[in-house]
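In what follows, a single structure is set out as structure tokens and then discussed.
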Amino acid sequence: LARNRGAREEGIRALAKLAEREDIGGDADESWRLALTWIGPPNKAQQPLFEQFLKTHPDDEEIRALLVKGRTQPASGAAAWRRDPQLDRGLKALEKGELQVAERELSAYLEKHPKDPDALGGLGILRQRQERFEDAELLLTRAVKGGGGRAWQSALDDVRYWSLLQRARDNIANARNADARQQLEQARRLKPKDAEAVLSLAELQAQQGELAAAEAGYRQALQLGQQQARALRGLVQVLGGQGKVDEALRELDKLPKAE
């Protein structure tokens, strides 16, 4: 909807609601901001969309500047604002999942404008999708420091989170469990409402015989309402390991039959 000029405002309102969700909030937040920049300086009817975004992103200088420009420009006869065509092509390609086109356009634009926060942030998201987390973190850090502010902060937090999880998995595979535990704890603090770090830590604790701690982790994941089957399977196993057979059987009944 946000890419369709006729339905753009409706799409922006939908993205604003999606940005509040923990599971997809980061991606929706980026799309929300991007859709606002496609509007350019807003007319009077569009200004509330920008004001809503700035309530949760008060230090986004570009969006604020567009709003100010929209408020001060004449109601008609003003020249329409346009994003640089090359940057626009790159960001729209990224939005559509056309990663090769996005990389070509964004990289070429950054050669001419190496500090542009939207180009840096867009390329950072692209690197994240390629699972090149270290590169993504560097690019998004530059985007945040270069004026992107909170517009790219949620994406940076998301990249840091998945980077920590990936490093933890690598350490577990190489029997460096102490390092993995530290990384999983960091990831859990970074995104406390996402179950992946909680479950990964509980699984590591269960493997190391820390069944009571693992039980607490699995119960926390169930409270978060994510990956329920995985959390229940783990909980049943650690309850059984602690001799809590009746409780394990009750939890087992909650699993889907296919499990």
Side-chain angles (χ1 to χ4, degrees), residues 1-75 78-85 87-97 102 106 109 113 115-126 128-129 136 139-161 190-191 193-194:
L1 286 174
R3 288 196 293 268
N4 185 328
R5 186 180 298 275
R8 183 162 294 164
E9 293 172 24
E10 180 185 350
I12 288 172
R13 293 187 187 96
L15 288 168
K17 292 180 180 179
L18 290 173
E20 298 174 0
R21 289 175 47 178
E22 281 293 329
D23 54 342
I24 60 171
D27 288 340
D29 205 53
E30 296 146 25
S31 298
W32 182 16
R33 182 182 189 276
L34 186 58
L36 289 172
T37 66
W38 289 344
I39 289 178
N43 59 37
K44 188 173 182 178
Q46 296 166 333
Q47 288 168 17
L49 301 173
F50 285 68
E51 291 163 356
Q52 182 183 10
F53 182 85
L54 288 168
K55 285 179 181 178
T56 53
H57 304 79
D59 58 349
D60 191 311
E61 297 175 4
E62 183 182 2
I63 297 300
R64 189 173 297 280
L66 287 173
L67 177 58
V68 170
K69 189 171 182 179
R71 286 172 172 169
T72 56
Q73 71 183 6
W81 177 88
R82 290 289 183 270
R83 188 196 292 279
D84 180 276
L87 177 58
D88 193 52
R89 287 195 300 271
L91 292 173
K92 286 182 178 178
L94 178 64
E95 185 73 11
K96 296 175 184 176
L106 293 173
Y109 184 80
H113 307 278
K115 296 182 179 180
D116 185 275
D118 285 337
L120 289 165
L123 192 59
I125 297 299
L126 189 148
Q128 179 188 15
R129 293 180 184 177
L139 287 160
L140 286 163
T141 298
R142 288 174 60 196
V144 170
K145 291 181 177 179
R150 289 181 61 185
W152 295 106
Q153 185 64 56
S154 62
L156 176 57
D157 290 344
D158 195 52
V159 164
R160 286 174 173 166
Y161 177 76
L190 190 62
K191 294 188 70 173
K193 294 184 180 180
D194 189 275

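The structure displayed is predicted, hence computed values, not measured ones.
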Item to check | Approximate separation, where rounding is to 0.5 Å, of D88 CG and T37 OG1 | outcome: 7.5 Å
Item to check | L106/L91 under side chain to side chain contact (heavy atoms under 4.5 Å, CB included): CA gap, chis, key distance, verdict | outcome: CA-CA 8 Å; L106 293 173; L91 292 173; 4.1 Å; yes
Item to check | Nearest-0.5 Å distance, CG of residue L34 to CG of residue L94 | outcome: 8.0 Å
Next on the checklist: Please report the interatomic distance CG(D116) to CZ(R142), rounded to the nearest 0.5 Å.
Outcome noted: 10.5 Å
Next on the checklist: Please tell me whether D84 and Y109 have a donor and an acceptor in their side chains that are separated by less than 3.5 angstrom.
Outcome noted: no
Item to check | Where A102 and A93 come nearest, the two heavy atoms and their spacing | outcome: N-CB, 3.7 Å
Item to check | Approximate separation, where rounding is to 0.5 Å, of L126 CG and Q128 CD | outcome: 10.0 Å
Item to check | Under the side-chain hydrogen bond (donor to acceptor under 3.5 Å, both in side chains) test, residues paired with R64 that sit two or more places apart | outcome: none
Checklist entry - With a 4.5 Å heavy-atom cut-off, do L190 and D157 have their side chains touching? => result yes
Checklist entry - Which pair of heavy atoms, one from R129 and one from G97, lies closest together, and at what distance? => result NH1-CA, 4.4 Å
Next on the checklist: Could you report the tightest heavy-atom contact between W152 and G122, atom names first, then the distance?
Outcome noted: CH2-N, 3.6 Å
Checklist entry - Where do D158 and K191 land on the side chain to side chain contact (heavy atoms under 4.5 Å, CB included) test, with the steps shown first? => result CA-CA 8 Å; D158 195 52; K191 294 188 70 173; 2.9 Å; yes
Next on the checklist: Can you give me the closest heavy-atom contact between G121 and A143, atom names plus distance?
Outcome noted: N-CB, 3.6 Å
Item to check | Residue pairs involving residues 37-53 (criterion salt bridge (Lys or Arg N to Asp or Glu O under 4.0 Å); sequence neighbours excluded) | outcome: E51-R71
Checklist entry - From H113 NE2 over to L120 CG, what is the distance, rounded to the nearest 0.5 angstrom? => result 12.0 Å
Next on the checklist: If you apply the rule side chain to side chain contact (heavy atoms under 4.5 Å, CB included), what do you find for L54 with L67, and how did you get there?
Outcome noted: CA-CA 10 Å; L54 288 168; L67 177 58; 3.7 Å; yes
Next on the checklist: For a 4.5 angstrom cut-off between non-hydrogen side-chain atoms, does L140 reach V144?
Outcome noted: no
Checklist entry - Side chains of F50 and I39: does their closest heavy-atom pair fall under 4.5 Å? => result yes
Checklist entry - If you take all heavy atoms of A16 and Q52, which pair is closest and at what distance? => result CB-NE2, 3.7 Å
Next on the checklist: Can you tell me which residue among I63, T56, L49 is in a side chain to side chain contact (heavy atoms under 4.5 Å, CB included) with W32?
Outcome noted: T56
Checklist entry - What are the two closest non-hydrogen atoms of L156 and T141, and how far apart are they? => result CD1-OG1, 3.5 Å
